[in-house]
Amino acid sequence: MTPDQPSDALIIGGGPAGLAAAMALARACYSVVLFDSQEYRNDTAPMMHNVLCNDGREPWFFRSTAMKEMMDKYDSITFVDTQITAARQINHGQRNAFEVSNQKGATWRGQKLILASGTRDILPSIQGYKELWGRGIVHCLFCEGFEKKGGRFGFLDLNSRDDLSAVLMSFRLADDGVTIYTNGKGIPNDMEIQEVFKIAISRGAKIDDREIQSFSEIPDADGIQVHFQDGTQEDLKVLLHSPPSVNRAADLISSLNLETVASPEGHVISKGPVGETNIRGCFVAGDTSTEAKTVNVAMATGRCFSFVTSICKHHVPH
Ligand SMILES: Cc1cc2nc3c(=O)[nH]c(=O)nc-3n(C[C@H](O)[C@H](O)[C@H](O)COP(=O)(O)OP(=O)(O)OC[C@H]3O[C@@H](n4cnc5c(N)ncnc54)[C@H](O)[C@@H]3O)c2cc1C
């Protein structure tokens, strides 16, 4: 397919959501172009967990196996490794369609647009944090907690009531207690977060207000060291932290005028399980479509049965 030929669907993002969407559409013999800039959210994690038949699988292996299976079987999918820098609605015949382009000016047109662009975490600039992200510093205990069982668990900041379930789960996994580090900021004024602290303290969590200078690996052991400004340090099995995040394609979401939820992370609002946004013919899947950001949900929202139904209603394939 040349860039000028319109395809049935354009998919932005080649993580689990975009790949699942491509497979579903290919199984209905629709032509699909999938664009991927290859910056996956779980890239730094050595393994992914809580995904049936793939518990402990390397994320890159999972994705490349999925791609290989599709390349071998479905010839209506075209994979293009590029970053899409612009997306707009166009009129194609009587219908609403979409045009996307990359930095080099190549353009592609499609009847439908699926945004499966994923999330980018905004990591704090504390020394050593970035290097340990996804290994000793994790955002989710279901993803990495069981493998870290034992020892002392730590939390860096508690930001919302949603953190309560992670705090409660940590007591099941840690056998040497739980510490919540406020990094010199103390317990926030927010009543909901104070409630989480109260419950954590009632279960025996220690609150540590010392300012953190850096993180490092424990030499020759599984765990991390927290180094404080006062020169002291503490060993942990794992540190939990949910840094703020933004959509990787926030610029496209904004230029398409897609409605997003009013939260800093701001995923795109879609109509129930259908996945269609406020723009007819534009769908979202995976982290872009929900606050439940996991591989299973990404695949389920990307499975795309609804996209297929929607395409069937509006478009007769050639
Ligand atoms: C450290 C870490 C570990 C995790 N471990 C687990 C785990 O063990 N189990 C689990 O269930 N979940 C885990 N998650 C969550 C999981 O990674 C995400 O929920 C999942 O990757 C979401 O899939 P997605 O397809 O929506 O996005 P992604 O996998 O992030 O893929 C999005 C893709 O879209 C591409 N893209 C974005 N914008 C553009 C553009 N403009 N043009 C072209 N391409 C674009 C990106 O480069 C990327 O390749 C983890 C998350 C983190 C941060």
Side-chain angles (χ1 to χ4, degrees), residues 10-23 33-60 62-64 66-67 79-87 100-104 106 108 113-123 129-148 238-256 265 267-268 270 275 283-304:
L10 306 171
I11 301 175
I12 301 180
L19 292 171
M23 181 184 273
V33 186
L34 184 148
F35 308 94
D36 193 20
S37 51
Q38 299 174 304
E39 293 177 294
Y40 312 99
R41 186 169 181 221
N42 58 357
D43 234 2
T44 60
M47 288 176 270
M48 63 181 205
H49 296 102
N50 210 21
V51 182
L52 287 178
C53 300
N54 286 285
D55 190 40
R57 178 86 63 231
E58 299 96 325
W60 68 264
F62 174 78
R63 286 186 301 265
S64 57
M67 263 183 82
F79 292 93
V80 184
D81 286 344
T82 191
Q83 176 159 11
I84 294 302
T85 51
V100 300
S101 54
N102 68 6
Q103 195 105 53
K104 292 183 178 159
W108 293 263
L113 178 65
I114 299 162
L115 270 173
S117 45
T119 302
R120 180 169 63 82
D121 297 292
I122 303 166
L123 307 184
Y129 185 106
K130 190 172 161 212
E131 290 74 14
L132 289 165
W133 175 242
R135 297 182 300 124
I137 303 178
V138 304
H139 78 301
C140 158
L141 281 181
F142 281 105
C143 297
E144 208 54 46
F146 188 83
E147 287 63 34
K148 303 287 184 188
V238 66
L239 182 79
L240 266 289
H241 184 226
S242 306
S245 61
V246 289
N247 195 281
R248 281 201 191 275
D251 50 343
L252 303 184
I253 289 170
S254 143
S255 70
L256 284 163
E265 156 275 342
H267 63 265
V268 177
S270 60
F283 297 81
V284 282
D287 281 8
T288 303
S289 66
T290 172
E291 61 191 68
K293 298 184 193 313
T294 70
V295 171
N296 284 328
V297 174
M299 286 193 287
T301 52
R303 89 211 181 285
C304 213

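Whatever order the structure lists them in is the order used to number ligands and atoms, beginning at 1.
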- Quick one: does T44's side chain get under 4.5 Å of R135's, heavy atoms only?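 T44 vs R135: side chains apart.
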
Purely on distance, is any nitrogen or oxygen of [X] under 3.5 Å from one on ligand 1?
X	answer
S37	yes
V295	yes
N296	no
T119	no

Given 3.5 Å as the limit, does a donor-acceptor pair link the side chain of [X] with the main chain of [Y], or not?
X	Y	answer
T119	V246	no
N50	D55	no
D121	L123	no
T290	D287	no

Would [X] count as a contact of ligand 1 if the rule is a heavy atom under 4.0 Å away?
X	result
N50	no
F142	no
D121	yes
N247	no

Any idea which of [options] brings a heavy atom closest to [atom]?
atom	options	value
atom 51 (C) of ligand 1	R120, H139, R248	H139
atom 21 (O) of ligand 1	A298, P16, S245	P16
atom 35 (C) of ligand 1	L252, T294, D36	D36

- Task: Give the numbers and elements of all ligand 1 atoms closer than 4.0 Å to a heavy atom of T82.
- Result: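 Those of ligand 1 that fall under 4.0 Å from T82 are 42 (N), 43 (C).
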
- Task: Using a cut-off of 6.0 Å, state whether more than 12 heavy atoms not belonging to R120 lie near its atom CZ.
- Result: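 Count not over threshold, so no.
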
- So does E131 have more than 12 non-hydrogen atoms from other groups sitting under 6.0 Å from CD?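 More than 12 heavy atoms, drawn from other residues, nucleotides or ligands, come within 6.0 Å of this atom.
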
What is the nearest protein non-hydrogen atom to [atom], stated with its residue, atom name and distance?
atom	answer
atom 9 (N) of ligand 1	H49 O, 3.0 Å
atom 41 (N) of ligand 1	I84 O, 2.9 Å
atom 34 (O) of ligand 1	G13 CA, 3.1 Å
atom 25 (O) of ligand 1	A17 N, 3.0 Å

- Task: Please work out whether the ring planes of H241 and Y129 are parallel, tilted or perpendicular, with thresholds of 30° and 60°.
- Result: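 H241 and Y129: perpendicular rings.
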
- Message: Could you measure the distance from the OG1 atom of T301 to the CD1 atom of I114? Nearest 0.5 Å is fine.
- Response: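 Atom-to-atom, T301:OG1 and I114:CD1 are 10.5 Å apart.
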
